[in-house]
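What you see is a predicted model, and the numbers here were worked out from it, not measured in a lab. Order of the sequence lines sets the chain letters (A, B, ...), proteins ahead of strands, with each chain counted from 1. Side chains included, hydrogens not; waters and symmetry mates left out as well; all remaining heavy atoms used.
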Protein chains: 2
Amino acid sequence: MTNSYLDTIDVRLLRYFAVVAEECNLRRAAQRLFMSQPPLSRHMKNLEEYLGVTLFTRHTKGLTLTNEGTKVLQTIQPLLRTQESVYEQLREFSTASEKRVAVGLTTAFEQGTFTTLEKRLREYYGERLRLVRSDSLKLVRDVKKGKLDAAFVALPLDAPGLELQATHYAEPLFAVLPSHWLEAEKPGLALKEFNGKPLFWFHRDSNPAFFDFTKTVFAHAGYEPLFMEEPEEHDVLLARIAAGEGIGLFAASFAAISRKGVTFSPVAEGELLRLALGITSLPGNEFLAQELVELAAAALPTP
Amino acid sequence: MTNSYLDTIDVRLLRYFAVVAEECNLRRAAQRLFMSQPPLSRHMKNLEEYLGVTLFTRHTKGLTLTNEGTKVLQTIQPLLRTQESVYEQLREFSTASEKRVAVGLTTAFEQGTFTTLEKRLREYYGERLRLVRSDSLKLVRDVKKGKLDAAFVALPLDAPGLELQATHYAEPLFAVLPSHWLEAEKPGLALKEFNGKPLFWFHRDSNPAFFDFTKTVFAHAGYEPLFMEEPEEHDVLLARIAAGEGIGLFAASFAAISRKGVTFSPVAEGELLRLALGITSLPGNEFLAQELVELAAAALPTP
DNA sequence: AATTTGTCATACCTTAGAGGTATCACAAAA
DNA sequence: TTTTGTGATACCTCTAAGGTATGACAAATT
C-alpha cells in the first residue's frame, strides 16, 4: 500500500481548494477564507505536489481548473459534505444537548466594567457559555477562524468581512501620568502640554486605522508624542509610568485602578478620543450578535 | 448559527479519538499513532473542551468511553470512512494514473555512493518517484507520518513500530584528522592513540542506541573522547577539523571528498564501527521495501 | 505495610508549518 | 508607456503539535 504523502493532507487544504476552484482567483478566495493571498498560493502548490496532479492552469486573469482538477474537485465533494453534516451532528452533543456559545471580551476596558454583563451572560446562557478575555485583535482573529461565535471588542476597529455592531457604551481616554509631573490638580489637561513627551502606545500594525486616527487627533491638539512601545502587562506599564518614563492613555474605566506614583487625569480632547464597545461576528451570527447587544444594553452603565 | 469552536477541529483529532476509544489506554494508543502519551492526553482533553462533552472516565486502569463518548464515536465513523475512501480515490489521480512513490535517502553516506542506485530508481519508477535526502532520523519520522513510503537509512537505528530490512551494503567508519596531527602515514590507526582528544560527534538524543554502542566500542578500544557538538554542515565540520579543533568519524565513502588540511584514515576498529544501509517502511509496505532491497542489491557495490 | 508498577495529568521546551508583509515578474488594459 | 491586477517568491513571526521529565494516584506485588 503506497501512502505517498497523501495521508498527511489536512482536510482544510481540500476545503481551501474548493473555494479557490469556485472563485478562480486567489485573491478573492483568500478574502473569503480570511487569509492573505500568498499562503493560499503556497497551499495550492503543495496540494498539487501532494496529489501529483496539476490542478490549475495559471494565467494573468486568474486560475482555471484543469480536467484533473475538476475530477479531484468532484472526488472531494462528498468528503466536504460529510464533514459538514457530521460536525453539525457533533454540535448537538454539547452538554444538555444545548449549543455552546463562545464569546470574547476585550481587555481594552477595565475588567470591572463587565461584572454585571458577565453575570447576565452566565444567567442567560448558563453552562453553554464559554467566555474568553483577550485583546480586540486576537478576538477578531478567533472570530474569523470560527473559534468564537462573537466578541465584544473596542471600536474603532477595522474588521473586513465581519459583522460589526456598535453598542451604546463608550468611554473617553484618560491620561495616566507620573504623579510628580503634575504640579497642581488640573482637570481636563490639554494634550499639547505633553508635546514631545514620550507616550506608551501600541504598535501601528495592531490597529492601523485607530493608530492613524489618534495620531491625527494628537497632531490637531498640538501633541507630537515620542512613541514608546507599550508593555504587554498592565502593571508593568503603570510601574514604568510611575518611574517617569512616559505617559499613557487608557479608557476612563481604568481610573478605578490606582497605583502609587501615577495619576489618572481626564484630557480636554477626551471626547474625541473615545473607545466604544462593539460586537463582532461572522455573517450568519446576527441573531446571537443582536442578543448580545441587548444584554449589553441592559447590563452596562449609560455614561 | 453557532460555530462554537467546532469548525476548527482537525479531523486528525477525531481519528486519534477513535484509536484511543478502541485501545482504552493512552499509552498504547499513542504508540499506535507514533506519538508519545502526553500530547495525546492533551488532545483528548481539548477535544472534550471543543465538543463540550465528557468523552471518557479516567481511572487507574485506563479510560472507558462514556455514553456520550460512544455516541460521538458512532457519529464520526462515517466521516473517517469517507475520508479514507476519498483519499484512496485521490491516489488514483497521480500523474498517468500511477501511484507515486516517495523514498528517502540518508545523508549518512557520501552521496556519490548512490548515483547508480538513484539512476536505477528513476529508471524503474520514472515520474512516479519522489526522492528526499535527509538524515536517517528525520526520514524515520516522515515514514511514520506517512510522508514517505520508505527510506534508505543508516543502521544501527532504533525504529519501533516500523519494518526494517537490512541490505548487504555496509561501510566501516574512517577517522578524519587534522593532517598535522599525523606524523607518519599509518594505515589502521588504533582509536586509543586519540585518547582524551576531542571528537565531533552527534548528540545522544538523535540516536541513543547507536551512541551508546559506539561509546562502548570507544571504551573498549581505550578511547575516552571529549565529545564536541558536531556542526550540521559537512564542509564546516571539515574546516574545523582542519583547524585542529578535533577529529571526526565518517563512513568510509566520505574519503572520496578531500580537503586541504584533513586526512582520512581507516581505523583498526573499523569493522566494529560499521554503518549498514537499511530500508524502513510502515507495516503494509513490504512489497515496496522488498523492491527497494532488490534494486539496492543490484545498484550498490559489494564491499 | 511498604514497594513497585502502570495509569493519566502537568510543566516546560523545541520546532514545523501556517499565516503575514513586502516585493517581484508578467501580461492585459488604459 | 504606464497602470493595474494577476500569481509567485522571499523572508519573518508565532501558534500549536509533539517531545522529555516528572508528578499524583491507585492497584498489584512484595
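Distances from the side chain of A:Arg12 to the nucleotides C:dG19, C:dC8, D:dT9 place C:dG19 closest. Comparing atom distances between the A:Leu26 side chain and each of C:dA9, C:dG20, D:dG7 picks out D:dG7 as nearest. In this structure, of D:dT15, C:dG19, D:dG18, it is C:dG19 that holds the atom nearest to the side chain of A:Met35.
Listed pair A:Lys147 / D:dA16 meets the phosphate criterion, a side-chain N or O lying under 4.0 Å from OP1 or OP2. Residue A:Arg42 has no polar side-chain atom (N or O) positioned under 4.0 Å from OP1 or OP2 of D:dT9. Regarding contacts with the backbone of C:dT7, every side-chain N or O of B:Arg58 stays at 4.0 angstrom or more from both OP1 and OP2. Regarding contacts with the backbone of D:dA8, a side-chain N or O of A:Ser41 is found under 4.0 angstrom from either OP1 or OP2. Contact annotation: A:Arg27 side-chain N/O to D:dG7 OP1/OP2 distance is not under 4.0 Å. In this model, the phosphate group of D:dG18 is not approached by any side-chain N or O of B:Ser36 to a distance below 4.0 Å at OP1 or OP2. Dashed line: the shortest gap from a side-chain N or O of A:Lys61 to OP1 or OP2 of C:dC26 is not under 4.0 Å. Put simply, A:His43 has a side-chain N or O that comes within less than 4.0 Å of OP1 or OP2 on C:dG19. Residue A:Thr60 has no polar side-chain atom (N or O) positioned under 4.0 Å from OP1 or OP2 of C:dA28.
Going from atom CG of A:Leu13 over to atom C1' of C:dG19 covers 13 Å, rounded to whole Å. Between the CE atom of A:Met44 and the C1' atom of C:dG19 there is a distance of 14 Å, given to the nearest Å. A:Arg28 has its CZ atom 11 Å from the C1' atom of D:dG5, to the nearest Å. As a whole-Å value, the separation of A:Leu33 CG from C:dA18 P is 14 Å. Atom CZ in A:Arg141 sits about 12 Å away from atom C1' in C:dA18, given to the nearest Å. A straight line from CG of A:Asn25 to P of D:dG5 spans 11 Å, rounded to a whole angstrom. Regarding A:Asp10, its CG atom lies at a distance of 18 Å from the P atom of C:dA16, rounded to whole Å. Spacing between atom CG of A:Leu63 and atom P of D:dG5 amounts to 17 Å, rounded to whole angstrom units.
For A:Phe227 and A:Phe211, the gap between ring centers is short of 6.0 Å. Taking the centre of each ring, B:Phe17 and B:Phe56 come in below the 6.0 Å mark.
Under the 4.0 Å criterion applied to side-chain N and carboxylate O atoms, A:Glu22 and A:Arg28 are not assigned as salt-bridge partners. Electrostatic pairing of B:Lys71 and B:Glu68 does not count as a salt bridge here, judged by no charged N lying under 4.0 Å from a carboxylate O. Note on B:Glu48 versus B:Arg58: salt bridge recorded, some NZ/NE/NH1/NH2 to OD/OE distance being below 4.0 Å.
If A:Gln37 and A:Phe34 are placed on DNA chain C by their nearest nucleotide, the residue sitting closer to the 5' end is A:Phe34. A residue-by-residue look at B:Pro38 and B:Asn46 shows that B:Asn46 has its nearest nucleotide of DNA chain D further toward the 5' end.
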How far apart are the C-alpha atoms of B:Thr54 and B:Thr66, what are their side-chain angles, what is the distance that settles it, and do they pass the side-chain hydrogen bond (donor to acceptor under 3.5 Å, both in side chains) test? CA-CA 7 Å; B:Thr54 306; B:Thr66 60; over 6 Å; no

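B:Leu40 comes within 4.0 angstrom of no nucleic acid atom, judged by non-hydrogen atoms across all strands. Counting any heavy atom pair closer than 4.0 Å across all strands shown, B:Tyr16 reaches sugar-phosphate atoms only and no base atom.
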